[in-house]
Chemist: 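Got a structure for you, written out below as structure tokens; questions coming shortly.
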Amino acid sequence: MVPCSQLALNYLSSQETQSDLEVILEFLEEYYRQNTAENATGRKVRLFHFLFEMLEDPNMAHCVSWVPTATGVFHFSSRNKDQVAALWGQRKGNKRPMTYQKMSRALRNYARSGEIFKVKKKLTYQFSQDTLRSLQRCHPGNL
DNA sequence: ACACTCGGGATCGTCC
DNA sequence: CGGACGATCCCGAGTG
């Protein structure tokens, strides 16, 4: 997560015509909206955010893991893929249980927005460069 | 023949 | 209310 102060500075320097107070209030409102409800209740989390979390968690390696050969490529375990899906549905608070079939449909939608692409291999997908960079920026952990 | 995987249209829920 | 957007549901085709 980029520090609030740095974001605010960038924002301020690009909005020199408005009054400082106006700009600051506008920024804080947006910042607060993006960084509270999301982390607290998981309401605004997108599927690829969740998947990135799973991929960074060593305890989930039996479900999803990075493919070492290329950056941003990951694949699901054929046996445990539905476990990831179940956790995803749980995170979203869905009434009906999530399955890999339904979750993978959402993954396929990411091809249109260019966030994640399907690769030829079974059960494997690839984050786009931009998506991967922004995810790593928000996740100050390893790498 | 069979189970598993992929593709996509339709629909839903939330937000503005 | 209605459109945009992301996700969910469902069914049929593809494949080893």
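Basis for what follows: all heavy atoms, side chains included, without hydrogens, waters or symmetry-related copies. Chain A is the first sequence line, chain B the second, and so forth, proteins listed ahead of strands; every chain is numbered from 1.
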Chemist: Taking NZ from A:K120 and C1' from C:dG14, how many angstroms apart are they, rounded to a whole number?
Modeler: 18 Å
Chemist: Hey, is the side chain of A:R96 poking within less than 4.0 Å of OP1 or OP2 on B:dG13, counting only N and O atoms?
Modeler: no
Chemist: Answer yes or no: does a side-chain N or O of A:W88 lie under 4.0 Å from OP1 or OP2 of C:dA7?
Modeler: no
Chemist: Please answer: with hydrophobic residues joined when any side-chain heavy atoms are less than 4.5 Å apart, are A:L51 and A:L87 in the same cluster?
Modeler: yes
Chemist: Any chance the side chains of A:Q101 and A:T99 put a donor and an acceptor closer than 3.5 Å?
Modeler: no
Chemist: Is A:R46 side chain donor-acceptor paired with the C:dG6 base, going by distance under 3.5 Å alone?
Modeler: no
Chemist: For A:R108 and C:dC9, what is the distance between atoms CZ and C1' respectively, to the nearest whole Å?
Modeler: 12 Å
Chemist: For the residue pair A:R46 and A:W88, what are the closest heavy atoms and their distance?
Modeler: C-CH2, 3.7 Å
Chemist: Consider the side chain of A:K44, meaning its heavy atoms from C-beta on, and name the nucleotide among C:dA7, B:dC15, B:dT5 that approaches it most closely.
Modeler: B:dC15
Chemist: How many Å lie between NZ on A:K118 and C1' on C:dG14, as a whole number?
Modeler: 13 Å
Chemist: Rounded to whole angstroms, how far apart are CZ on A:R91 and P on C:dA7?
Modeler: 13 Å
Chemist: On DNA chain B, check which nucleotide each of A:S78 and A:K95 is closest to and give me the residue with the more 5' one.
Modeler: A:S78
Chemist: Taking atom P of C:dC9 as reference, at what distance in whole Å does atom CG of A:N109 sit?
Modeler: 14 Å
Chemist: Suppose we call two aromatic rings close when their centres sit under 6.0 Å apart. Are A:F74 and A:F127 close by that rule?
Modeler: yes
Chemist: Compare side-chain N and O positions of A:R105 against OP1 and OP2 of C:dC10 and report whether any pair is under 4.0 Å apart.
Modeler: no
Chemist: Say whether, by atom type as modelled, one donor and one acceptor occur between the side chain of A:K81 and the main chain of A:C63 under 3.5 angstrom.
Modeler: no
Chemist: Once you round it to whole Å, what is the distance between P of B:dC4 and NZ of A:K81?
Modeler: 7 Å
Chemist: When you check the phosphate oxygens OP1 and OP2 of B:dC6, does a side-chain N or O of A:Y100 lie under 4.0 Å from one of them?
Modeler: yes
Chemist: Whole angstrom is fine here: how far is it from CD in A:Q90 over to C1' in C:dA7?
Modeler: 17 Å
Chemist: Quick one: is A:K92 getting a side-chain N or O under 4.0 Å of the C:dT8 phosphate, OP1 or OP2?
Modeler: yes
Chemist: Heavy atoms only, 4.0 Å cut-off, all strands: where does A:M103 land among base, sugar-phosphate and nothing?
Modeler: nothing
Chemist: Hey, which sits more toward the 5' end of DNA chain C by its nearest nucleotide, A:Q101 or A:K122?
Modeler: A:Q101
Chemist: Is any side-chain nitrogen or oxygen of A:N94 closer than 4.0 Å to OP1 or OP2 of C:dA7?
Modeler: no
Chemist: Does OP1 or OP2 of C:dA7 have a side-chain N or O of A:Y110 closer than 4.0 Å?
Modeler: yes
Chemist: Can you check the A:L123 CG to B:dA3 P distance for me, whole Å?
Modeler: 18 Å
